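From a predicted model like this one, the values you see are computed outputs, not experimental measurements. Numbers restart at 1 for each chain; the letters A, B, ... are given by sequence-line order, proteins then strands.
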Amino acid sequence: MFRVTNQPIDLNELVAYVTDPEAGAIVPFIGTTRNNNEGRKVIALDYEAYPEMAEKELARIGDDAKTKWPICKMAIVHRLGPVQIGEASVIIVVSAAHRDAAFAASRFAIEEIKKTVPIWKKEVFEGGEVWIGTQTGQPLSALK
Amino acid sequence: MFRVTNQPIDLNELVAYVTDPEAGAIVPFIGTTRNNNEGRKVIALDYEAYPEMAEKELARIGDDAKTKWPICKMAIVHRLGPVQIGEASVIIVVSAAHRDAAFAASRFAIEEIKKTVPIWKKEVFEGGEVWIGTQTGQPLSALK
Amino acid sequence: MKVRVKFFAMLRERAGVADLSKEVAEGSTVGELWRQLQKDYPKLDVPGIRLLYAVNQNYVGIEHRLSDRDEVVFIPPVSGG
Amino acid sequence: MKVRVKFFAMLRERAGVADLSKEVAEGSTVGELWRQLQKDYPKLDVPGIRLLYAVNQNYVGIEHRLSDRDEVVFIPPVSGG
């Protein structure tokens, strides 16, 4: 299950999806909106995607993880639109026979998402808003 | 929240407990009963604890994690009694501003639990049962 | 030939449009299309920005040659997670 | 003086008892208590087993000296998780 959605993400549904009689470990990763970033008071994050390609890239990450580690099942759901403080913007869940593989695949997935999946976040903070970008060495001020 | 319980563990309750406006990442670790171990067909695991000391050791692990990594909140709940295939025997949840700390503290906690917390599992498999022990280099047959 | 261009995030805001159809010369590359779009929408010229390029939902290099009806997306620094 | 001993898991099954009170000599160590218990319950002599020792819910060494009313637990290889 690799998708983007405008709805709140249901952690239980994802854990149920990856639960497997062969699995001894399930590692979810939940990315949440933090109330501060680089000294700014964050009000919310607002996510936008190129949805068809984002889902394709998320599935590609799942395929890559399966070739790298002996995992049972994996799911990634990324939320779009405004995500309030404390809410989940992304949930990755991995099940595996052993915890090493589950931790490694989870970690891999979140790093890959931040590198290659066409999803963008705009940070809405007290006094303004800014598109956050990690592929550029430019100061944020140059981007907006 | 550091406890042992005879009831199924409620993942949502634990995630809600560690949710924090300062947190950008929540990493739960769910240990589940696997249907096989060392070539045996596992029917269930049956956990027993020295409960007062187990809870004290779980809290100690939480304290240690807080001194090692900048985490927000942590909770560990370990289930006792029979745990069926696919069910959770232990859930660790950690929230942190950044994912590095959340992953590291989660990993640390599960490794420590397996080393120092007075909880024991009996594996009930097709054809017998055995207490699983990791502090000893003896074959299982010598222990039972 | 014609290609379809979609803009997202910062580029969508700067272009003021999310989706457009563009006539390009046979054999044009992704990079050539980008330079033409920057003439049409001068605000797309963001100093120092590093873009990735996708054609029909696959990443391609800037020298990739376009075909009729391709869907082309210019991908500013991603920041999901 | 008297101490309270609790057995868990494999040791509980082998001793056939979960909880007992034991009279020990003043100044006895944890190790001495263990050797006495092995005489009372010969099945506690598990070849090759490595135990940890807890007094009043804290890990202690085998040479730890007991006090009256201590709660003593012999901890076989743990296997939580």
Side-chain angles (χ1 to χ4, degrees), chain A residues 9-38 41-45 72-73 83-100 102-111 113-114 121 123 132, chain B residues 9-38 41-45 72-73 83-100 102-111 113-114 121 123 132:
Chain A
I9 309 170
D10 184 340
L11 173 62
N12 282 341
E13 182 197 355
L14 297 186
V15 170
Y17 175 80
V18 303
T19 295
D20 189 302
E22 306 272 333
I26 298 176
V27 175
F29 173 83
I30 308 169
T32 53
T33 298
R34 206 170 63 229
N35 66 4
N36 69 90
N37 188 34
E38 299 182 5
K41 282 190 94 169
V42 175
I43 296 161
L45 298 177
C72 297
K73 295 202 186 99
V83 181
Q84 307 302 320
I85 305 297
E87 287 189 335
S89 52
V90 62
I91 300 186
I92 300 159
V93 280
V94 188
S95 60
H98 301 287
R99 62 189 181 282
D100 278 355
F103 273 113
S106 175
R107 191 60 203 252
F108 167 77
I110 184 61
E111 302 304 332
I113 287 169
K114 287 172 180 284
K121 81 178 136 212
E123 182 184 300
I132 304 296
Chain B
I9 309 170
D10 184 341
L11 173 62
N12 282 340
E13 182 197 354
L14 297 185
V15 170
Y17 175 80
V18 303
T19 295
D20 190 302
E22 307 271 334
I26 298 175
V27 175
F29 172 84
I30 308 169
T32 53
T33 298
R34 206 170 64 229
N35 66 4
N36 70 89
N37 188 33
E38 299 181 6
K41 282 190 93 169
V42 176
I43 295 162
L45 299 176
C72 295
K73 295 202 187 100
V83 181
Q84 307 302 319
I85 305 296
E87 287 189 335
S89 52
V90 62
I91 300 187
I92 299 160
V93 281
V94 187
S95 60
H98 302 286
R99 63 190 179 283
D100 278 355
F103 273 112
S106 175
R107 189 62 203 250
F108 167 77
I110 183 61
E111 303 305 331
I113 286 168
K114 287 171 181 285
K121 81 177 137 215
E123 183 185 299
I132 305 295

Item to check | Per-residue contact mode, N37(B) against chain A (heavy atom under 4.5 angstrom) | outcome: neither
Checklist outcome for this item: Among residues 83-92 of chain B, residues within the sub-4.5 Å heavy-atom range of chain A, in order of number, are I85(B), G86(B)
Next on the checklist: Does anything in residues 21-33 of chain A reach chain B? List residues with heavy atoms under 4.5 Å apart, or say none.
Outcome noted: P21(A), E22(A), A23(A), G24(A), A25(A), I26(A), V27(A), P28(A), F29(A), I30(A), G31(A), T32(A), T33(A)
Checklist entry - Considering only heavy atoms, which portion of S106(A) lies under 4.5 Å from any heavy atom of chain B: side chain, backbone, both, or neither? => result both
Checklist entry - R99(B) versus I110(A): any side-chain heavy-atom pair under 4.5 Å? => result yes
Checklist entry - Which residues pass the side-chain hydrogen bond (donor to acceptor under 3.5 Å, both in side chains) test with K121(B), sequence neighbours left out? => result none
Checklist entry - Is any side-chain heavy atom of E123(B) closer than 4.5 Å to a side-chain heavy atom of E38(B)? => result no
Next on the checklist: What residues of residues 10-20 of chain B make heavy-atom contacts with chain A at a cutoff under 4.5 angstrom?
Outcome noted: L11(B), N12(B), V15(B), T19(B)
Item to check | Interatomic distance, C72(A) atom SG to H98(A) atom NE2 [nearest 0.5 angstrom] | outcome: 9.5 Å
Checklist outcome for this item: Bottom line for A97(A): the part with an atom under 4.5 Å from chain B's heavy atoms is both
Next on the checklist: Less than 4.5 Å apart, side chain to side chain, heavy atoms only: is that true for R107(A) and R107(B)?
Outcome noted: no
